[in-house]
Amino acid sequence: MTQDQNEPVGGERRPLSRRTVLATMGALPVLTAAASVLGASEAAAATAVIDPSVRRQTIRGFGGMAHAAWAGDLTAAQRDTAFGAGEGRLGFSMLRIPVGENQSDWSRDLATAKRAVELGATVFASPWNPPAAMVETFTRGSQTNAKRLRYSSYAAYAQHLNAFSTYMRNNGVNLYGISVQNEPDYAHDWTWWTPTEMVRFLRENAGSINTRVIAPESFQYLKNMSDPILNDPAALANVDIIGAHLYGTPYSNFPYPLFQQKGAGKELWMTEVYHPNSSDSADLWPQALDVAEHMHRAMVEAEFQAYVWWYIRRSYGPMREDGQISKRGAMMAHFARFVRPGYVRIGATANPASNVYVSAYRGGDTIVIVAVNKGTSAVSQQFTLANTTASSASSWLTDASRNVAPQGTIPVSNGSLTVTLPARSVTTFVTTVGDGPSPTATPTVTPTGGPGTGPRVTYTMSTWNNGFTAAISITNTGTSAINGWTLAFALPSGQAITSGWNATYSPSSGQVSARNVDYNGTLAPGATIEIGFQATHTGNTAEPTAFTLNGVPCVVA
């Protein structure tokens, strides 16, 4: 077992036996409008059908953990690299922070959390231990100093979590949710919880917590921790997010039929992992491709809505200690930069060829396809976009020598494109689509200056008992670029924005202005950008009825 200074458990924070469990787990892409002649080393794959009419989970985001006490704080530049979404950034839209057992420690991660919020990220928190006065020791097997929360302190512990949430809110960070306990079933160095104890706390005390509640965060997605919650209506009523970790979890255990059966209205998050280990460099290639496959399966087979790494900056993490993005980080960026909060995973042929993994997502008029080729040969892959029209696609590539490198734009013909996926590579494709008539249909043209000629806006809400998220797409329907933009709209009474992404919002209620950030200020003709926000409501879930972009009335789709 290795151990960093000021860090309770090393290797990294996992015993060697756990690491052993974890271990058991070329060329530019050529894009053409028609299928190419296969080279001697290029294999053909079955057509991957992308079907936007098949809607799966709504994506909350991708991110990592900041823990200044154990790993040191991120620098200002590293925060921008982590949470910025432009070229050379990770594009993280989620940040996990610890809930310190002592209030004197609560400011340690505040600067990083505040910057993450400014860049549009969702922040949530997990505790390792309650305050010491709430803890008692007991014997658990061979562990004579095991810790657990005293039952008589359950109510006080709920208020401790509330106090942390209030502290963060008073300092500019509205937590999206807070966990009951980090890894209650792998707690040799922190606080143990049995499934029975967790259910009891959720039933009797979690209802008083003033933000969304996350549980149980099992270290290995062990269903004996989460099944009792799903099977207890009173406990489930006080949980908003089923959280899980994936340390050594076999892919066969990724699906969760019971959640699909009983988790209506709840979210399903993967809140911590490193993969495949913490002993190798994050730049080891092609091993880093394992991260891309892991993320693919987490999205497609487990249907998680969030995927959150352990330390953001670490030798085995998405960002190296020098602040540069690693190969493992590039794998995450292929998802995080392009699949933004509020996007929905859509139908896609998941495994069109051996060692090829495909997933697809939609936000507004934007479709994102992430294609992983773990094979040692290039693959000719055709993508067909069902029931949509598209004119072009852009792509970004990571292989042995490049990290999320832009590869240009090509035309899409009759809803299809055929590409060469280089050996051992990941490629993300982004295209703008329209629904309805086929590409050969004659478009209806509205005379210049007539009604319906302004920028186009779509506004999609996802609501719960006292809050909601809004995903907004803005399309430039004009013939010239828009350089710098402000979208104005009126929030209905009782609604107030708590955080947002891909824009800055002011004020939080009433007549709101959403202004571009540094990486999306230019909106080319025909281009679409995605922004959004999280908000509270007091019962009124109406949508804004009108929008203007730089003072020009918008068409609301």
Side-chain angles (χ1 to χ4, degrees), residues 59-66 68 73-97 109-124 172-173 176 282 291 295 306-309 311-314 317-343 361 363 366 368 370 394 396-398 402-406 426 428 430 471-472 474 483-485 499-505 514-524 527-534:
I59 303 303
R60 182 63 56 199
F62 305 85
M65 178 90 189
D73 200 3
L74 300 179
T75 67
Q78 290 166 358
R79 294 167 191 151
D80 287 356
T81 297
F83 300 103
E87 297 295 335
R89 312 290 191 181
L90 282 167
F92 282 178
S93 52
M94 301 193 78
L95 170 66
R96 182 177 182 235
I97 59 174
D109 298 288
L110 185 58
T112 291
K114 290 179 71 171
R115 183 56 178 156
V117 168
E118 290 172 358
L119 292 172
T122 293
V123 181
F124 69 101
V173 177
Y176 186 87
V291 174
M295 295 182 71
Y307 186 100
V308 181
W309 195 267
Y311 293 138
I312 293 173
R313 186 193 63 215
R314 216 54 165 181
M319 183 188 296
R320 303 193 314 236
E321 291 290 353
D322 63 1
Q324 299 302 304
I325 295 173
S326 68
K327 284 293 187 185
R328 291 183 181 181
M331 301 298 95
M332 295 191 71
H334 271 282
F335 292 84
R337 273 184 53 193
F338 307 99
V339 183
R340 302 304 295 170
Y343 278 36
Y361 311 83
T366 299
V368 178
V370 183
S394 301
W396 287 259
L397 169 72
T398 296
R402 285 165 287 197
N403 280 3
V404 204
V426 180
T428 296
V430 180
I472 306 172
I474 308 169
N483 294 304
W485 51 264
S499 63
W501 52 90
N502 295 345
T504 58
Y505 298 84
R515 295 178 175 82
N516 67 272
V517 289
D518 56 358
Y519 55 80
N520 65 4
T522 298
L523 189 56
T528 299
I529 56 173
E530 307 292 335
I531 67 173
F533 59 85
Q534 176 185 327

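Numbers here are sequence positions counted from 1. Values in this document were obtained by computation on a predicted structure and should not be read as measured data.
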Pairwise side-chain contact, [X] with [Y], heavy-atom cut-off 4.5 Å (strictly under):
| X | Y | result |
| --- | --- | --- |
| Arg328 | Trp309 | yes |
| Phe338 | Tyr343 | no |
| Arg313 | Arg320 | no |
| Trp485 | Asn520 | yes |
| Ile474 | Ile531 | yes |
| Thr398 | Lys327 | yes |

Item to check | Verdict with reasoning, Tyr176 to Met94, per side-chain contact (heavy atoms from CB on, under 4.5 Å) | outcome: CA-CA 10 Å; Tyr176 186 87; Met94 301 193 78; over 6 Å; no
Where is the tightest heavy-atom contact between [X] and [Y], given as atom of each residue plus distance?
| X | Y | answer |
| --- | --- | --- |
| Pro341 | Trp501 | O-NE1, 3.6 Å |
| Gln78 | Asp322 | NE2-C, 4.4 Å |
| Met332 | Val291 | CG-CG1, 4.3 Å |
| Ala330 | Ile325 | N-CG2, 3.7 Å |
| Thr81 | Gly323 | CG2-O, 4.1 Å |
| Ser93 | Gly61 | OG-CA, 3.2 Å |

Next on the checklist: Closer than 4.0 angstrom, basic N to acidic O: yes or no for Arg115 and Asp80?
Outcome noted: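 Salt bridge flag = yes for Asp80 with Arg115.
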Value rounded to 0.5 Å, distance of [atom1] in [X] from [atom2] in [Y]:
| X | Y | atom1 | atom2 | answer |
| --- | --- | --- | --- | --- |
| Arg340 | Phe335 | CZ | CZ | 14.5 Å |
| Asn502 | Leu119 | CG | CG | 9.5 Å |
| Asn516 | Leu523 | CG | CG | 9.5 Å |
| Met331 | Asn403 | CE | CG | 7.0 Å |
| Thr366 | Glu530 | OG1 | CD | 4.5 Å |
| Arg337 | Trp396 | CZ | CH2 | 7.0 Å |

Next on the checklist: Has Ser326 got a side-chain atom pairing as donor or acceptor with Pro318's backbone, closer than 3.5 angstrom?
Outcome noted: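 Judged by distance alone, yes, a pair lies under 3.5 Å.
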Checklist entry - Do any N or O atoms from the side chain of Lys114 and from the backbone of Asp109 form a donor-acceptor pair under 3.5 angstrom? => result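 No, Lys114 side chain to Asp109 backbone: no donor-acceptor pair under 3.5 Å.
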Checklist entry - Between Gln324 and Met319, does a side-chain contact (heavy atoms from CB on, under 4.5 Å) hold up when you go through it step by step? => result CA-CA 6 Å; Gln324 299 302 304; Met319 183 188 296; over 6 Å; no
Item to check | Parallel, tilted or perpendicular: rings of Tyr307 and Phe62 (30°, 60°) | outcome: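 The rings of Phe62 and Tyr307 sit tilted, inter-plane angle from 30° to 60°.
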Item to check | Chi angles and distances behind the side-chain contact (heavy atoms from CB on, under 4.5 Å) call for Leu95, Ile312 | outcome: CA-CA 9 Å; Leu95 170 66; Ile312 293 173; 4.1 Å; yes
Next on the checklist: Within the 3.5 Å criterion, strictly below it, is a donor on Thr112 or Arg79 matched to an acceptor on the partner's side chain?
Outcome noted: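 Yes, Arg79 and Thr112 have a side-chain donor paired with an acceptor closer than 3.5 Å.
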Item to check | side-chain contact (heavy atoms from CB on, under 4.5 Å) assessment of Phe533 paired with Ile472 | outcome: CA-CA 9 Å; Phe533 59 85; Ile472 306 172; 3.9 Å; yes
